[in-house]
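Here's the structure, in structure tokens; my notes come after.
What's counted below: heavy atoms across the whole structure, side chains too, no hydrogens, waters or symmetry copies.
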Amino acid sequence: MTKFESLTPNIMVKDVNATLNYYIHKLDFKLIDVNPESGQYEWGYVMFDNVGFMFQEENSLKNEYKELEPMTIGGSLTFYVRIKNIHTYYHKISNKVKVVKSMNKTFYDTNEFAIIDINGFILTFSETTI
């Protein structure tokens with residue numbers, strides 16, 4: 001029987017180094033891997049607990065997938081991240097990032113807030129309250 005085990009998006013960005021710096025120093029993600037080992041990275045991988053993101057430099061990713069050549073950086077999607085202790089995390093990062101939706105209680109009984117990263121991607125952080 002098929003079993004899906006994880007999903008880690010590989011996101012096209014202009015500057016992998018700047019993106020990794022943002023996720024590590026503003027959102028407290030941990031660096032897992034980069035390529036090449038030093039200098040200007042073409043690819044990098046960060047995680048916070050069980051949530052991971054890979055970032056790949058635009059030309060590198062477009063060379064790998066020709067179907068992406070007409071695409072631009074930035075999202076027509078959002079990343080929805082379930083977390084614990086959302087209020088603590090919100091207070092820790094909210095003055096370091098651009099918050100696009102302040103902490104709020106949703107009609108579906110979660111506490112949520114959303115940010116936009118330096119590449120134009122929206123991350124919504126959510127904690128179930130029941």
Side-chain angles (χ1 to χ4, degrees):
M1 177 185 298
T2 301
K3 179 182 176 188
F4 286 35
E5 296 196 354
S6 69
L7 170 69
T8 306
N10 188 28
I11 302 166
M12 182 170 61
V13 299
K14 286 222 179 288
D15 187 332
V16 174
N17 293 56
T19 302
L20 293 175
N21 185 57
Y22 178 89
Y23 276 76
I24 292 165
H25 297 290
K26 296 192 183 287
L27 301 180
D28 289 336
F29 278 69
K30 304 292 182 243
L31 182 63
I32 303 301
D33 200 4
V34 292
N35 185 45
E37 291 183 16
S38 63
Q40 191 60 38
Y41 304 129
E42 285 187 23
W43 174 87
Y45 179 30
V46 294
M47 287 191 77
F48 193 127
D49 295 327
N50 294 322
V51 174
F53 291 102
M54 296 184 294
F55 303 102
Q56 191 165 342
E57 190 274 328
E58 181 178 17
N59 291 327
S60 171
L61 195 57
K62 287 180 176 182
N63 285 334
E64 187 174 344
Y65 297 100
K66 299 299 182 194
E67 297 79 4
L68 294 176
E69 285 181 1
M71 304 294 178
T72 59
I73 293 174
S76 60
L77 72 144
T78 66
F79 295 101
Y80 192 81
V81 182
R82 292 277 190 174
I83 70 173
K84 300 258 187 241
N85 299 315
I86 193 168
H87 291 285
T88 301
Y89 189 64
Y90 179 76
H91 292 296
K92 185 173 188 174
I93 71 164
S94 62
N95 64 342
K96 298 189 274 184
V97 300
K98 183 173 181 179
V99 175
V100 294
K101 188 186 290 183
S102 296
M103 182 68 70
N104 66 95
K105 178 104 171 181
T106 67
F107 71 89
Y108 44 91
D109 215 20
T110 65
N111 288 320
E112 293 183 359
F113 72 95
I115 68 164
I116 189 165
D117 79 0
I118 62 170
N119 297 292
F121 293 102
I122 293 178
L123 287 78
T124 300
F125 298 93
S126 174
E127 181 176 36
T128 303
T129 60
I130 55 173

Point to revise | Nearest heavy-atom neighbours spanning Thr8 and Phe53 | key: CG2-N, 4.0 Å

Exercise for review: Group every Ile, Leu, Val, Met, Phe, Trp and Tyr by side-chain heavy-atom contacts under 4.5 Å, then state whether Leu123 and Val100 land in the same group.
Suggested key: no

Exercise for review: Any pair with a residue in residues 89-104 that passes side-chain hydrogen bond (donor to acceptor under 3.5 Å, both in side chains), sequence neighbours left out, goes on the list, sorted by first then second residue, please.
Suggested key: Asp28-Lys92

Exercise for review: Return the minimal non-hydrogen interatomic distance between Asn17 and Gly39, and the atom names on each side.
Suggested key: ND2-O, 2.9 Å

Review point. Taking all non-hydrogen atoms of both residues, which atom of Pro9 and which atom of Gly52 are closest, and how far apart?
Key: CD-O, 3.6 Å

Revision key, fill the gap. Value for CG (Asn59) from CG (Leu68), rounded to nearest 0.5 Å, stands at 12.0 Å

Review point. In the single-linkage hydrophobic clustering (I, L, V, M, F, W, Y; side-chain heavy atoms under 4.5 Å), do Leu7 and Leu77 co-cluster?
Key: no

Practice item. Under the side chain to side chain contact (heavy atoms under 4.5 Å, CB included) rule, collect the residues that match up with Ile118, sequence neighbours excluded. Key: Ala18, Thr19, Tyr22

Point to revise | Residue pairs involving residues 9-26 (criterion salt bridge (charged side-chain N to carboxylate O under 4.0 Å, His left out); sequence neighbours excluded) | key: Lys14-Glu58

Check your understanding: Parallel, tilted or perpendicular: which fits the ring planes of Phe48 and Phe29, with parallel below 30° and perpendicular above 60°?
Key -> perpendicular

Check your understanding: What's the spacing between Ile86 CD1 and Thr110 OG1 if we round to 0.5 Å?
Key -> 7.5 Å

Exercise for review: Taking side-chain hydrogen bond (donor to acceptor under 3.5 Å, both in side chains) as the test, write out the residues that go with Thr124, two or more places apart.
Suggested key: none

**Study point:** Cluster check Tyr23, Val34: I/L/V/M/F/W/Y, side chain < 4.5 angstrom
**Key:** yes

Practice item. Flag yes if Met54 and Leu61 sit in one hydrophobic cluster, no otherwise; membership is Ile, Leu, Val, Met, Phe, Trp, Tyr, and two members link when side-chain heavy atoms are under 4.5 Å apart. Key: no

Check your understanding: So among Gln56, Glu64, Glu57, Lys62, which one has a side chain to side chain donor-acceptor pair (under 3.5 Å) with Ser60?
Key -> Gln56

Check your understanding: Is it true that Ile115 and Ile24 fall in one hydrophobic cluster, defined by side-chain heavy atoms closer than 4.5 Å?
Key -> yes

**Study point:** Residue pairs fulfilling salt bridge (charged side-chain N to carboxylate O under 4.0 Å, His left out) with at least one residue in residues 108-130, sequence neighbours excluded
**Key:** Lys105-Asp109

Practice item. Could you go through the side-chain contact (heavy atoms from CB on, under 4.5 Å) check for Val51 and Phe79 one step at a time? Key: CA-CA 11 Å; Val51 174; Phe79 295 101; over 6 Å; no

Study note, to complete from the structure: When rounded to the nearest 0.5 Å, the distance separating CG of Asn21 from CG of Leu31 is 11.0 Å

**Study point:** Atom pair CZ/CD1 of Phe55 and Ile11 - distance to nearest 0.5 Å
**Key:** 4.5 Å

Check your understanding: Does OH in Tyr80 sit with more than 12 non-hydrogen atoms of other residues, nucleotides or ligands closer than 6.0 Å?
Key -> yes

Point to revise | Nearest-0.5 Å distance, OG1 of residue Thr128 to OH of residue Tyr108 | key: 10.0 Å

Check your understanding: How long is the gap from CD1 on Ile93 to CZ on Phe125, to the nearest 0.5 Å?
Key -> 5.0 Å

**Study point:** Contact list for residues 66-86, test salt bridge (charged side-chain N to carboxylate O under 4.0 Å, His left out), sequence neighbours left out
**Key:** Lys66-Glu69

Check your understanding: Parallel under 30°, tilted from 30 to 60°, perpendicular over 60°: which one fits the rings of Trp43 and Tyr45?
Key -> tilted

